[in-house]
Amino acid sequence: MNWITNYVRPRINSLFSRREVPENLWTKCPECGTMLFHRELAENLNVCTSCDHHLAITPRARFTALFDGGIFTEVKVPEPIVDPLGFKDQKKYPERLKAAQKHTGEKEAMLVAEGEVGRTPIIAAAQDFSFMGGSMGMYVGNAILAAAERAVALKRPLVLFSAAGGARMQEGILSLMQMPRTIVAVQMLKEANLPYVVVLTHPTTGGVTASYAMLGDVQIAEPNALICFAGPRVIEQTIREKLPEGFQRAEYLLEHGMLDRVTHRKKLREELVSILRMLMRQSAPVVADLPPPGAIPVTLPDAGDGAPAPAEAQQA
């Protein structure tokens, strides 16, 4: 009985009561090393609560925080030919795409949506750096064209959030051809007199910086975002000189006139609403809605006998 009591029963209980603890409950801040609880980090828009470092955020999470009530509708993007070059390095290109889709849960590296921000209808596009480094391939080019066409059709401004390591090497020259295609999309917006606002997030590099990411009517960046064409390490190795502190970071570029604003992620929505309504020549944004008169009952002092005043007197 001791064997059954001391070994078998605890063993059976442990099998039925075992709980799996998720491995992604905590995230380590890459800047200060603080361990951040996932729920607290998400509520703070993926900004470190200790040092204010801006961690990467997915397009869906960004749109949920950006649009009114977190409600938005995805804009359909034409799908290009998969693996037009038959590219293969250590893995075949289609295998890398499937792995990225499984990892992120997204179809490709850019998400396009429409909705309202502070009651201002907009079209928004955001790159996902976790999808193959947010690299610019044919799908991203199609996405920006689709976003611009939708914006022109609905007479809405376009807000683009960039985050990319450059062009996608698995598509070769076809990925580089997205640079002029996206410039054409931006030109469509300018000809229609529609605002094009770019929010540069960490990192924005390569052919993305050399095309649509630096053509906005207003250029906004998140704090300490790396924004460049060639990275600082490549430049140091080429010119064999030490670069200035913070070179190619958002604050450095703002100081040297390449950006208009550097805005904290938690204040970005409010600033976008003000800028977009100003550019669209609309009235000032509504900060809060006041209820109509009589909608909220007003409790008046007792009439003397302990009974509250009648409803007619309250309305009066």
Side-chain angles (χ1 to χ4, degrees), residues 41-49 51-72 110-127 129 144 147-148 151 154-164 186 189-190 193-204 208-209 212-227 246 249-289:
L41 183 62
E43 290 175 355
N44 207 42
L45 299 181
N46 278 27
V47 178
C48 178
T49 55
C51 68
D52 238 15
H53 176 71
H54 285 53
L55 284 76
I57 185 171
T58 64
R60 289 192 184 274
R62 186 183 289 277
F63 286 169
T64 301
L66 176 69
F67 287 105
D68 295 346
I71 301 173
F72 59 90
M110 179 165 277
L111 182 66
V112 183
E114 61 180 74
E116 291 188 351
V117 180
R119 294 188 175 183
T120 307
I122 71 165
I123 306 295
Q127 286 180 275
F129 190 77
I144 296 175
L154 298 179
K155 303 296 182 184
R156 296 184 179 184
L158 174 59
V159 179
L160 189 140
F161 299 86
S162 65
V186 174
L189 294 168
K190 294 186 182 298
N193 293 321
L194 294 172
Y196 172 54
V197 178
V198 180
V199 180
L200 300 109
T201 69
H202 177 79
T204 300
V208 172
T209 310
Y212 59 87
M214 297 302 292
L215 295 177
D217 298 312
V218 179
Q219 298 287 133
I220 307 174
E222 292 186 339
N224 203 38
L226 176 66
I227 304 166
R249 295 288 175 169
E251 291 76 9
Y252 184 91
L253 298 181
L254 176 65
E255 184 180 347
H256 289 77
M258 291 189 66
L259 298 175
D260 298 306
R261 300 282 290 172
V262 174
T263 306
H264 195 283
R265 187 176 293 167
K266 296 179 71 173
K267 299 179 180 179
L268 183 60
R269 182 180 186 274
E270 179 182 347
E271 186 158 298
L272 282 174
V273 171
S274 299
I275 291 174
L276 291 173
R277 295 187 73 87
M278 187 184 305
L279 293 177
M280 294 292 289
R281 297 182 179 179
Q282 298 177 356
S283 58
V286 177
V287 178
D289 289 332

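What's counted below: heavy atoms across the whole structure, side chains too, no hydrogens, waters or symmetry copies.
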If every non-hydrogen atom of [X] is compared with every non-hydrogen atom of [Y], which pair is closest and at what distance?
X      : Y      : value
Phe129 : Pro203 : CE1-CG, 3.5 Å
Leu55  : Cys48  : CD1-N, 4.1 Å
Ile123 : Ala147 : CG2-O, 3.8 Å
Pro223 : Glu251 : CA-OE2, 3.4 Å
Ala148 : Leu189 : O-CD2, 4.0 Å
Pro121 : Pro157 : O-CD, 3.4 Å

Okay, side chain of [X], backbone of [Y]: is any donor-acceptor separation there less than 3.5 Å?
X      : Y      : answer
Asn46  : Ala56  : yes
Glu270 : Lys267 : no
His54  : Arg265 : yes
His256 : Leu254 : no
His202 : Leu226 : yes

Side-chain contact test, heavy atoms from C-beta onward, threshold under 4.5 Å: evaluate it for [X] versus [Y] and give yes or no.
X      : Y      : answer
Ile227 : Met258 : no
Val197 : Ile220 : yes
Asn44  : Lys266 : yes
Arg60  : Leu111 : yes
Leu259 : Leu200 : yes
Arg62  : Leu268 : yes
Glu222 : Thr263 : no
Arg119 : Pro285 : no

Quick check for you: to the nearest 0.5 Å, what is the distance between [X] atom [atom1] and [Y] atom [atom2]?
X      : Y      : atom1 : atom2 : value
Leu272 : Leu66  : CG    : CG    : 6.5 Å
Leu154 : Glu114 : CG    : CD    : 6.0 Å
Gln219 : Leu253 : CD    : CG    : 10.5 Å
Leu194 : Leu158 : CG    : CG    : 9.0 Å
Leu45  : His264 : CG    : NE2   : 9.0 Å
Leu279 : Asn193 : CG    : CG    : 11.5 Å

Which residues satisfy the side-chain hydrogen bond (donor to acceptor under 3.5 Å, both in side chains) test with [X], sequence neighbours excluded?
X      : answer
Thr120 : Arg277
Asp68  : Arg269
Tyr196 : none
Arg156 : none

field: Met280 CE: over 12 foreign heavy atoms closer than 6.0 Å
entry: yes

Side chains of Thr204 and Thr209, donor plus acceptor under 3.5 Å: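 Note: Thr204 and Thr209 side chains miss the donor-acceptor criterion.
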
- request: Using the side chain to side chain contact (heavy atoms under 4.5 Å, CB included) rule, pick out the option among Phe72, Phe63, Phe67 that qualifies with Val117.
  value: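 Between Val117 and the candidates, side chain to side chain contact (heavy atoms under 4.5 Å, CB included) is satisfied uniquely by Phe67.
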
task: Would you list the pairs meeting salt bridge (Lys or Arg N to Asp or Glu O under 4.0 Å) in which at least one residue belongs to residues 254-263, sequence neighbours left out?
output: Arg261-Glu271

query: With sequence neighbours excluded, what pairs up with Ile71 under the side chain to side chain contact (heavy atoms under 4.5 Å, CB included) test?
result: none

